[in-house]
Amino acid sequence: MSGNKAERIYTDVRPKKFLGQHFLADEGTASRITEALIPSDEYADVLEIGPGMGVLTKYLISMPFKLHLVELDRESVAYLKEHFPELENRIIEADFLQMDFSLLPSRIAIIGNFPYNISSQILFKVLENKDRVPLLVGMFQKEVAKRVISPPGNKDYGILSVLLQAWYDCEYLFTVDASQFHPPPKVQSGMIRLTRNARTKLACREVDFKKVIKLAFNQRRKTLRNSLRSAMLPERLALLPYSTLRPEQLSWEQFVELTLFIFPERTSEPD
């Protein structure tokens with residue numbers, strides 16, 4: 001799609017910098033994104049975050065799901081109600097990060113071209129509701145997308161990588177060039193798909209698991225013996241597993257083992 005045509009599509013709603021809006025302007029990419037939303041018996045409802053002017057919505061509305069939209073921008077909400085009247089009762093004017101998930105269906109897939117300025121927060125919100133979100137298909141800044149799917153030992157591997165990979169199968173689908181957006185962002189974008197795995201609990205308490213991961217990565221250049229010193233009794237440091245490794249070298253399973261070592265009296269009982 002030419003740049004001129006892309007601009008003509010988006011004359012009705014002005015992209016707002018403070019909301020991080022970059023409207024996707026390529027129909028082929030929009031179709032490809034929605035095709036990544038694989039039908040499953042795991043869910044019948046789909047929530048699109050930040051639909052803007054509905055470039056994804058117009059494809060999603062014909063798919064075999066009950067579609068819900070959440071949009072913070074009032075101008076976009078007005079546009080969506082006018083152009084998708086059949087969805088009017090399922091357009092939620094709200095900030096997704098502040099939404100009460102209990103008001104949504106008990107199982108709901110998520111899709112969206114997510115604002116870069118809150119994309120990591122969206123993923124943490126999904127993690128908080130992981131038993132309600134069996135699938136996420138999303139466009140992120142490429143740097144964030146690479147972080148999510150990065151394996152241990154890679155410089156992109158971090159807190160999000162460990163937490164998401166414990167609960168989801170994470171796939172990088174494709175890269176989207178900045179020229180396919182209006183206005184073009186200064187970075188490339190990456191599409192990822194997260195599919196909830198069958199894991200229902202960890203061997204350790206989840207609150208301890210998160211604490212250990214955050215402590216370790218807060219000083220990611222240090223070895224685990226040094227970065228976790230504040231969480232452990234000095235006499236136990238010599239026994240610390242993986243003590244000479246840095247946090248980006250450990251898989252999520254090894255972080256579970258590490259958590260059990262630091263908090264041996266705590267198991268996976270409810271937090």
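None of the values given here were measured: they were computed from a predicted structure. Every heavy atom of this structure was used, including side-chain atoms; hydrogens, water molecules and symmetry mates were not.
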Short side-chain donor-acceptor distance under 3.5 Å, Ser31 and Glu35: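 Yes, a side-chain donor-acceptor pair sits under 3.5 Å.
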Donor on one side chain, acceptor on other, Gln180 and Thr29, under 3.5 Å: yes
Within the structure provided, determine whether [X] and [Y] are in side-chain contact (heavy-atom separation under 4.5 Å).
X      : Y      : result
Lys210 : Leu163 : yes
Leu194 : Cys170 : yes
Ile262 : Leu228 : yes
Asn113 : Val55  : no
Thr57  : His83  : no
Pro51  : Phe84  : no
Glu171 : Thr195 : yes
Arg205 : Phe263 : no

Looking at [atom1] of [X] and [atom2] of [Y], how far apart are the two atoms once the value is rounded to the nearest 0.5 Å?
X      : Y      : atom1 : atom2 : result
Leu258 : Ile213 : CG    : CD1   : 9.5 Å
Ser227 : Leu245 : OG    : CG    : 10.5 Å
Ile110 : Asn129 : CD1   : CG    : 8.0 Å
Ser120 : Glu143 : OG    : CD    : 8.5 Å
Leu135 : Leu37  : CG    : CG    : 5.5 Å
Glu48  : Glu71  : CD    : CD    : 9.0 Å

Pair Val144-Tyr116, side-chain contact (heavy atoms from CB on, under 4.5 Å): steps then yes or no: CA-CA 9 Å; Val144 175; Tyr116 295 148; over 6 Å; no
So, for [X] and [Y], which heavy atoms are closest and what is the spacing to 0.1 Å?
X      : Y      : answer
Ser76  : Gly52  : CB-O, 3.4 Å
Ser189 : Met139 : CB-SD, 3.5 Å
Leu104 : Arg132 : O-NH2, 2.9 Å
Thr34  : Met63  : O-CE, 3.4 Å
Ile108 : Phe101 : CG2-CE2, 4.4 Å
Arg199 : Leu202 : CD-CD2, 3.8 Å

Residue list, side chain to side chain donor-acceptor pair (under 3.5 Å) with [X], at least two apart or on another chain:
X      : value
Arg196 : Asp131
Asp45  : His68
Lys81  : none
Thr244 : none

Side chain to side chain contact (heavy atoms under 4.5 Å, CB included) against [X], all qualifying residues, sequence neighbours excluded:
X      : result
Pro151 : Asn154
Glu128 : Lys125
Ala145 : Phe140, Tyr172, Ile192
Arg32  : Phe174

Same apolar cluster: Val137 and Tyr59, side chain cutoff 4.5 Å: no
Shared hydrophobic cluster for Leu60 and Ile38 (ILVMFWY, side-chain gaps under 4.5 Å): no
Return all side-chain donor-acceptor pairs below 3.5 angstrom for residues 90-99, not counting sequence neighbours, or 'none' if the list is empty.
from	atom 1	to	atom 2	distance (Å)
Arg90	NH1	Leu67	O	2.8
Asp95	OD1	Leu97	N	2.9

Main-chain N/O of Tyr79 paired with Glu82 side-chain donor or acceptor, under 3.5 Å: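 No, because the side chain of Glu82 does not come within donor-acceptor range (under 3.5 Å) of the backbone of Tyr79.
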Listed once per pair and sorted, the salt bridge (charged side-chain N to carboxylate O under 4.0 Å, His left out) pairs that draw on residues 96-122, sequence neighbours left out: Glu42-Arg107
Any residue meeting ring-ring contact (aromatic ring centres under 6.0 Å, His included) with Phe217, in chain and number order, not counting sequence neighbours: Phe255
side-chain contact (heavy atoms from CB on, under 4.5 Å) assessment of Val70 paired with Leu47: CA-CA 7 Å; Val70 57; Leu47 177 68; 3.9 Å; yes
Steps toward side-chain contact (heavy atoms from CB on, under 4.5 Å) verdict (Arg246, Leu224): CA-CA 6 Å; Arg246 291 186 173 87; Leu224 288 166; over 6 Å; no
Pairwise side chain to side chain donor-acceptor pair (under 3.5 Å) hits with a residue in residues 160-169, at least two apart: none
